[in-house]
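Shown next, in structure tokens, is the structure this report addresses.
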Protein chains: 2
Amino acid sequence: MRKSQSQTASKKQPLTPNKNKIKKPKKDILNEEPKPDLKNKASRWTLPRQIVFNFLKHSSSHLSAKEIYNALHRSYPGIGLATIYRTLELLFQLGLIRKISSGDGQSRYELKDQNLAGHHHHLICLGCGRIIDYQDFAEEELQLVKKTEKVLAKKHNFLIKDHNIEFFGLCEKCRLK
Amino acid sequence: MRKSQSQTASKKQPLTPNKNKIKKPKKDILNEEPKPDLKNKASRWTLPRQIVFNFLKHSSSHLSAKEIYNALHRSYPGIGLATIYRTLELLFQLGLIRKISSGDGQSRYELKDQNLAGHHHHLICLGCGRIIDYQDFAEEELQLVKKTEKVLAKKHNFLIKDHNIEFFGLCEKCRLK
DNA sequence: TTCCTTAATGATAATAATTTTCATTATCTA
DNA sequence: TAGATAATGAAAATTATTATCATTAAGGAA
């Protein structure tokens, strides 16, 4: 929730032009992969968006914006950090990724699971911030979640989109400190 | 995780002295209430700490540091924002309060429930950030949580301290936008 | 009680994640 | 292919949180 008052609306000096245009990769990534339904959150599915989305699909979980930026920067120096943030926000709005906060001051992102097989939640160490995925009791969880969702949706007139479960504690290393 | 390099270690100018000393309230709050066990996270249970803790005990949930600061500032102008943050961190370390992130860029805090009766979780609106407490299916949740905790603790050698469940969606107002 | 040691505090500066701004570029449609 | 405009990159702005440091207060000793 960072707002601005635009107190410097008067200055209109030209900015440094974009030096690093994004080079199109050999493979036509943009048209090779299926494009997600943008609903009306955006009007164009662009190369940077596809690249970020693709990266999330093929990398391990819980990445911060900065980490994604750094990882992509080698192959795509033309993609700016702001675009990473904007793309993550879009993917989040579209319900394609999940935003998690491990306790350090930054948000982390991961692809949403498409099926029960991949469905997981997190075990978070309060000492070092390590995040461990777990998948235990998924069926029982699903039962309880469905039931709860139904009640909450009706009682509070909510349209429920997702849920999250997490456990906090100390990992082996941090217990001994 | 904001670190500093202390690149200005050379300057040793005196700062403005504390103008607003904290006035002791009429009632001896500090000795009236039971003091929490500080474990070894701190060595003194002070008046500002008691005031913040007391405030959390008697106010509605999900408050940010700034909100707590503003609310207390009327009665206790001597308490600085930094102390609010430090106290919240201490209370969190002691396991007395819970830290939640509603999606806007700030952390929010609430007293931990002492008993099953007060045990609740959150329904969070992705549109406006509103947080609604719910208490449904607490017993079934407890069963599942206990079972999961046991498995996770053993499997990952974790000391589990707490858990969190949350549902995300759109509230009535935000659905219609 | 008064003194002494040192943890805690308030004010402020510093840090860093995220947003905003704006000229430029890329995408899409006609 | 041209025109309209959404998206982007770079940099500046914003803001939550943390660090710094002189001062104050808590708690024990005398």
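Just so it is clear: chains get the letters A, B, ... in the order the sequence lines come, proteins before strands, and each one is counted from 1.
Within the 4.0 angstrom heavy-atom criterion, only backbone atoms of the sugar-phosphate kind lie near B:Ser107; the bases stay farther away.
Between B:Lys66 atom NZ and D:dT18 atom P there is a gap of 15 Å when expressed in whole angstrom units. Across the protein-nucleic acid pair, B:Ile84 atom CD1 and D:dT15 atom P stand 20 Å apart, rounded to whole Å. Taking atom CG of B:Leu72 as the reference point, atom P of C:dT9 lies 13 Å away to the nearest angstrom. Atom CD in B:Gln106 sits roughly 16 Å away from atom C1' in D:dT18 (whole-Å rounding). Atom OH of A:Tyr69 and atom P of C:dT18 are 15 Å apart (whole Å). The separation between A:Lys35 atom NZ and D:dA7 atom P is 13 Å, rounded to whole Å. Spacing between atom CZ of A:Arg49 and atom P of C:dC28 amounts to 11 Å, rounded to whole angstrom units. Across the protein-nucleic acid pair, B:Glu89 atom CD and D:dA19 atom P stand 10 Å apart, rounded to whole Å.
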List the atom pairs, with distances to 0.1 Å, where a side-chain N or O of residues 33-45 of chain B and a protein N or O form a donor-acceptor pair under 3.5 Å, not counting sequence neighbours.
unit_1: B:Lys35; atom_1: NZ; unit_2: B:Asn31; atom_2: OD1; d: 3.3
unit_1: B:Asp37; atom_1: OD1; unit_2: B:Lys39; atom_2: N; d: 2.9
unit_1: B:Trp45; atom_1: NE1; unit_2: B:Gln50; atom_2: OE1; d: 2.8

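Counting side-chain heavy-atom gaps under 4.5 Å among Ile, Leu, Val, Met, Phe, Trp and Tyr, the cluster of A:Leu142 also holds A:Leu116.
You'll find that the side chain of B:Thr83 is closest to C:dT9, out of D:dA6, C:dT27, C:dT9. Of the candidates C:dA7, C:dA17, C:dG10, C:dA7 carries the atom nearest the B:Ser43 side chain, counting heavy atoms from C-beta on. The side chain of B:Tyr85 sits closest to D:dT17 out of C:dT12, C:dA17, D:dT17. The B:Thr46 side chain lies nearest to D:dA26 when the options are D:dA26, C:dT27, D:dT17.
Looking at residues two or more places apart in sequence or on another chain, you find a side chain to side chain contact (heavy atoms under 4.5 Å, CB included) between A:Ser102 and A:Asp104, A:Arg108, A:Ile131. Under the ring pair (Phe, Tyr, Trp, His ring centres under 6.0 Å) criterion, B:His62 pairs with B:His122, not counting sequence neighbours. Partners of B:Asp136 by side chain to side chain contact (heavy atoms under 4.5 Å, CB included), not counting sequence neighbours, listed by chain and number: A:Val151, A:Leu152, A:Lys155, B:Tyr134.
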Contact list (N/O, under 3.5 angstrom) for nucleotides 3-6 of chain C vs protein:
none

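Residue pairs that meet the salt bridge (charged side-chain N to carboxylate O under 4.0 Å, His left out) test with at least one member in residues 70-87 of chain B, sequence neighbours left out, do not exist here. Screening residues 139-148 of chain A for salt bridge (charged side-chain N to carboxylate O under 4.0 Å, His left out), with sequence neighbours left out, gives A:Glu140-B:Lys147, A:Lys147-B:Glu140.
Annotation: of the two residues near DNA chain C, B:Arg86 and A:Arg86, the 5′-most nearest-nucleotide partner is B:Arg86.
Ring pair B:His121/B:His119 is perpendicular by interplanar angle, where above 60° counts as perpendicular and below 30° as parallel.
The bend of the helix from C:dT1-D:dA30 to C:dA30-D:dT1, defined by the angle between the axes of its first five and last five pairs, stands at 40° to the nearest 10°.
Side-chain contact check for A:His163 versus B:Ile165: every heavy-atom pair is 4.5 Å or farther apart.
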